[in-house]
Amino acid sequence: MHKILKDDFFERSTLSVAHELLGKYLCRKRGRGVEAFMITEVEAYDGPHDRASHASRGKTARNAPMFGGAGVWYVYLVYGMHWMLNIVTGGEDYPAAVLIRGIEGIEGPARLTKALGVGKRFNGKQASRAVGLWIEDRGERVPASRIARTPRIGVDYAGEWAKKPYRFMISERSERRGRSERRRKNFLSLL
DNA sequence: ACGATGATGAAC
DNA sequence: TTCATCATCGTA
């Protein structure tokens with residue numbers, strides 16, 4: 001069962017959408033082929049008062065997609081070099097979106113956009129097969145016991161909002177973690 | 001721990 | 001018209 005997610009899936013509470021996006025598939029059509037990756041990590045940016053959200057300073061040319069209808073891509077550049085991929089949630093005029101931070105085999109919001117060739121041309125476009133970038137429900141369910149919630153990454157400036165557990169991820173089994181990744185983690189923990 | 005690298009938004 | 005600030009990543 002490969003069911004393309006429509007507006008109605010995204011036109012709901014941002015936290016629900018974020019939670020339920022885990023286990024869904026991010027799909028990209030390039031040339032004749034379609035690549036599909038399970039979504040493993042997301043963050044919710046919820047409403048005009050969320051100080052970690054671009055929308056917290058009101059509507060601007062950049063964040064306009066967040067204020068529009070649900071199911072639309074919001075793609076923007078950070079640090080002058082990285083594209084971030086978000087899907088707009090909630091109703092019209094309620095600014096909210098879910099940032100896709102990781103997919104199967106590719107951790108990191110900038111890495112996945114690079115790997116899939118996602119850039120600003122998707123900004124403001126409805127997620128759909130016609131556009132070449134969409135999300136599918138393939139009937140796989142992630143057990144609640146494997147879903148972890150933590151505060152969002154890189155939003156320390158956001159005061160109380162920085163502490164909210166708006167990051168959702170599929171927790172990995174430590175046995176399956178490769179030696180190199182474990183070494184890298186140990187190394188980073190020294191910093 | 002830091003530099004790369006450029007758009008954005010706010011101050012002036 | 002500047003200027004500080006980034007929803008990051010790779011390298012040391």
Side-chain angles (χ1 to χ4, degrees), chain A residues 10 13-22 24 26 37 39-68 70-90 94-125 127 133 135 147-170 172 177-191:
Chain A
F10 301 102
S13 113
T14 307
L15 291 175
S16 297
V17 173
H19 189 274
E20 291 174 34
L21 275 177
L22 296 178
K24 301 294 189 293
L26 179 62
F37 303 85
I39 295 172
T40 56
E41 181 183 347
V42 298
E43 279 176 359
Y45 288 83
D46 189 18
H49 305 297
D50 179 354
R51 284 187 51 208
S53 171
H54 289 168
S56 67
R57 284 181 293 195
K59 188 175 179 178
T60 66
R62 176 175 65 161
N63 65 24
M66 291 186 79
F67 287 78
V72 168
W73 296 117
Y74 172 40
V75 184
Y76 66 89
L77 193 66
V78 273
Y79 302 120
M81 56 185 99
H82 301 303
W83 292 105
M84 298 287 107
L85 177 63
N86 303 250
I87 186 82
V88 174
T89 62
Y94 183 82
V98 174
L99 169 66
I100 300 178
R101 291 189 55 90
I103 56 182
E104 206 169 15
I106 309 177
E107 291 179 19
R111 288 193 199 152
L112 72 88
T113 53
K114 184 176 180 188
L116 292 181
V118 168
K120 76 172 174 224
R121 83 181 195 82
F122 293 98
N123 188 41
K125 298 280 197 286
L133 188 65
I135 300 174
I147 295 181
R149 291 183 66 168
T150 78
R152 292 169 292 186
I153 301 297
V155 296
D156 291 346
Y157 57 84
E160 289 300 307
W161 288 87
K163 301 173 186 165
K164 292 187 182 289
Y166 281 10
R167 178 181 181 221
F168 299 79
M169 52 200 303
I170 300 178
E172 304 178 37
R177 194 169 287 159
R179 185 197 302 165
S180 61
E181 187 185 342
R182 192 157 39 220
R183 267 230 292 272
R184 181 168 186 273
K185 265 197 152 51
N186 288 339
F187 180 62
L188 289 175
S189 68
L190 297 176
L191 299 179

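Bear in mind that the values here come from a model prediction, so they are computed numbers and not experimental data. Proteins come first, then strands; the chains are lettered A, B, ... in the order of their sequence lines, and each starts at number 1.
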As an exercise, state the distance from OG1 of Thr40(A) to CE of Met169(A), rounded to the nearest 0.5 Å. 7.5 Å
Looking at dC6(C), I'd like to know if its phosphate oxygens (OP1 or OP2) sit under 4.0 Å from a side-chain N or O belonging to Tyr76(A). no
Could you tell me how far apart Ile153(A) (CD1) and dC6(C) (P) are, to the nearest whole angstrom? 16 Å
Pick one: which of Val78(A), Thr113(A), Asn123(A) meets side chain to side chain contact (heavy atoms under 4.5 Å, CB included) with Trp83(A)? Thr113(A)
Using heavy atoms and a sub-4.0 Å distance, could you list which residues of residues 94-101 of chain A are near DNA chain C? By number, please. Leu99(A), Arg101(A)
Please report the interatomic distance CD(Glu20(A)) to CD1(Ile39(A)), rounded to the nearest 0.5 Å. 12.0 Å
OG1 (Thr150(A)) and CZ (Phe168(A)) are apart, to the nearest 0.5 Å, by 9.5 Å
In terms of the nearest nucleotide of DNA chain C, which residue is placed more toward the 5' end: Lys114(A) or Val155(A)? Val155(A)
Same-atom distance (P) from dG3(B) to dA4(C), integer angstrom: 16 Å
Excluding sequence neighbours, so at least two apart, what forms ring-ring contact (aromatic ring centres under 6.0 Å, His included) with Tyr76(A)? His54(A), Tyr74(A)
Separation of Glu43(A) atom CD from dT8(C) atom P, in whole Å? 7 Å
Pick one: which of Leu116(A), Leu85(A), Val42(A) meets side chain to side chain contact (heavy atoms under 4.5 Å, CB included) with Ile103(A)? Leu116(A)
Regarding Ala52(A), tell me which of base, sugar-phosphate or nothing describes its non-hydrogen contacts under 4.0 Å with the strands shown. base
Between Arg51(A) (CZ) and dA7(C) (P), how many Å, whole number? 13 Å
Of all the nucleotides listed (dA4(B), dG10(C), dA7(C)), which has the minimum atom distance to the side chain of Met81(A)? dA4(B)
Going through the distances and angles, do Tyr45(A) and Thr89(A) end up as a side chain to side chain contact (heavy atoms under 4.5 Å, CB included)? CA-CA 9 Å; Tyr45(A) 288 83; Thr89(A) 62; over 6 Å; no
For nucleotides 7-12 of chain B, read 5' to 3', which letter fits each nucleotide if B means a protein heavy atom sits under 4.0 Å from the base, S means only the sugar-phosphate is that close, and - means neither? -SSS--
Whole angstrom is fine here: how far is it from CG in Asp156(A) over to C1' in dT5(C)? 14 Å
Straight-line distance of Leu99(A) CG to Leu21(A) CG, nearest 0.5 Å: 11.0 Å
Under 5.5 Å centre to centre and under 30° between planes: does that hold for Tyr45(A) and the six-membered base ring of dA7(C)? yes
Donor-acceptor pairs under 3.5 angstrom involving side-chain atoms of residues 154-165 of chain A: please list them, not counting sequence neighbours.
{"unit_1": "Tyr157(A)", "atom_1": "OH", "unit_2": "Ala52(A)", "atom_2": "O", "d": "3.4"}
{"unit_1": "Glu160(A)", "atom_1": "OE2", "unit_2": "Lys163(A)", "atom_2": "NZ", "d": "3.2"}
{"unit_1": "Trp161(A)", "atom_1": "NE1", "unit_2": "His49(A)", "atom_2": "O", "d": "3.2"}

Over how many whole Å does the gap from Lys120(A) atom NZ to dG6(B) atom P extend? 12 Å
Of dA7(C), dT8(C), dG10(C), the nucleotide closest to the side chain of Tyr79(A) is dT8(C)
Test for a donor-acceptor pair under 3.5 Å between the base of dA7(C) and the side chain of His54(A), counting only N and O atoms. yes
In dot-bracket form, 5' to 3', how is DNA chain C paired? Count Watson-Crick and G-U wobble pairs only if both distances fall under 3.5 Å, and write | where the partner sits on another strand. ||||||.||||.
Please collect all salt bridge (charged side-chain N to carboxylate O under 4.0 Å, His left out) contacts where either partner lies in residues 43-55 of chain A, sequence neighbours excluded, each pair once. Glu43(A)-Arg101(A), Asp50(A)-Arg152(A)
Just the rounded figure in Å: distance from C1' of dC9(C) to CG of Leu85(A). 17 Å
Tyr94(A) side, atom OH; Met66(A) side, atom CE - distance, nearest 0.5 Å: 9.5 Å
Rounding to 0.5 Å, atoms CZ (Arg121(A)) and CH2 (Trp73(A)) come to a distance of 12.5 Å
